[in-house]
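Just below is one structure, and these are the notes that go with it.
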Amino acid sequence: MHLTTIILLVLALYVAQIFLQETSRFRFDLKGIVGNRDVQPEPSVIAARLDRAKNNLLEALPIFISLSLLALTRGTSQEAEAQGALVFLVARVVYVLAYVSGVPWLRSLVWLVGMFGLLMMALPMI
């Protein structure tokens with residue numbers, strides 16, 4: 001898979017996480033979702049987990065985007081960087097599922113796999 005495709009998929013994952021977090025906060029109630037949101041309901045356990053997972057991706061996103069842009073501007077083959085980006089993407093999808101499920105240790109292990117993907121992206125550029 002090409003690096004630009006993976007970048008777009010990671011950004012799509014971020015948009016999906018924003019959507020899931022916001023809609024789950026309102027328990028998928030259309031009236032609350034499309035309202036002015038002056039009154040925010042107390043988040044459920046799942047909504048709070050989705051919010052934390054989204055915030056975690058938001059923290060990793062600048063690193064991923066920076067490494068991706070560096071790889072794209074180098075003018076060389078981005079195969080190694082694309083492999084790392086794919087590891088990052090898959091790990092981030094699994095991370096959301098692991099976080100929502102609440103399985104102890106799984107979320108942290110998957111997070112480490114995602115960080116390994118970022119390292120895979122960085123190493124060829126050193």
Side-chain angles (χ1 to χ4, degrees):
M1 193 177 302
H2 196 269
L3 183 56
T4 54
T5 303
I6 299 169
I7 294 168
L8 292 172
L9 289 172
V10 168
L11 294 174
L13 174 63
Y14 179 60
V15 170
Q17 284 189 245
I18 291 171
F19 175 79
L20 285 172
Q21 182 266 318
E22 285 296 317
T23 55
S24 67
R25 174 182 280 278
F26 288 92
R27 291 162 180 80
F28 303 98
D29 173 40
L30 187 59
K31 184 179 177 186
I33 293 168
V34 300
N36 56 22
R37 301 183 187 187
D38 288 336
V39 178
Q40 296 280 322
E42 195 65 33
S44 67
V45 171
I46 299 298
R49 288 178 184 170
L50 284 167
D51 185 46
R52 292 190 299 272
K54 177 207 57 164
N55 289 341
N56 188 274
L57 179 57
L58 186 58
E59 293 168 1
L61 207 51
I63 300 167
F64 172 77
I65 295 295
S66 297
L67 289 171
S68 298
L69 291 175
L70 283 170
L72 289 171
T73 58
R74 284 182 55 217
T76 60
S77 170
Q78 296 105 24
E79 274 187 49
E81 292 90 339
Q83 288 176 348
L86 187 58
V87 167
F88 178 79
L89 171 62
V90 171
R92 293 312 307 196
V93 170
V94 175
Y95 181 85
V96 174
L97 299 172
Y99 212 136
V100 170
S101 70
V103 177
W105 290 92
L106 182 59
R107 173 184 56 89
S108 297
L109 291 173
V110 174
W111 180 87
L112 286 172
V113 172
M115 291 299 107
F116 179 72
L118 294 177
L119 181 62
M120 287 174 63
M121 291 177 72
L123 286 177
M125 294 185 272
I126 295 176

Problem - Test side-chain contact (heavy atoms from CB on, under 4.5 Å) applied to Ser77 - qualifying residues, sequence neighbours left out - result: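 Ser77 satisfies side-chain contact (heavy atoms from CB on, under 4.5 Å) with Glu79 once adjacent residues are dropped.
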Spacing of [X] atom [atom1] and [Y] atom [atom2] [to the nearest 0.5 Å]:
X      : Y     : atom1 : atom2 : answer
Leu50  : Ser44 : CG    : OG    : 8.0 Å
Asn55  : Gln21 : CG    : CD    : 7.5 Å
Leu118 : Leu67 : CG    : CG    : 6.0 Å

Handout entry: Summary of side chain to side chain donor-acceptor pair (under 3.5 Å) pairs that have at least one residue in residues 4-16, sequence neighbours excluded
Key =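 Found His2-Thr4.
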What about [X] and [Y], same hydrophobic cluster or not, with Ile/Leu/Val/Met/Phe/Trp/Tyr joined at side-chain heavy-atom distances under 4.5 Å?
X     : Y     : answer
Ile6  : Leu58 : yes
Leu13 : Leu8  : no
Val10 : Leu70 : yes

Using a 3.5 Å cut-off and no angle test, enumerate the donor-acceptor pairs between side-chain atoms of residues 85-113 and protein atoms at least two apart in sequence or in another chain.
| from | atom 1 | to | atom 2 | distance (Å) |
| --- | --- | --- | --- | --- |
| Arg92 | NH1 | Asn56 | OD1 | 2.8 |
| Arg92 | NH2 | Asn56 | OD1 | 3.0 |
| Tyr99 | OH | Arg52 | NE | 3.0 |
| Ser101 | OG | Leu97 | O | 3.2 |
| Ser101 | OG | Ala98 | O | 2.9 |

Any idea which heavy atoms bring [X] and [Y] closest together, and the distance?
X     : Y     : value
Thr23 : Leu20 : OG1-O, 3.4 Å
Arg25 : Pro41 : NH1-O, 3.0 Å
Glu81 : Ala71 : CG-CB, 3.5 Å

Practice task
With sequence neighbours excluded, give me every salt bridge (Lys or Arg N to Asp or Glu O under 4.0 Å) pair touching residues 54-65.
Solution key: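 Pairs touching residues 54-65 that pass the test: Asp51-Lys54.
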Hey, can you pull the donor-acceptor pairs under 3.5 Å for the side chains in residues 119-126, sequence neighbours left out?
none

Practice task
Measure the shortest side-chain to side-chain distance between Leu11 and Ile65 over non-hydrogen atoms and say whether it is less than 4.5 angstrom.
Solution key: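 Heavy-atom side-chain distance check passes, below 4.5 Å.
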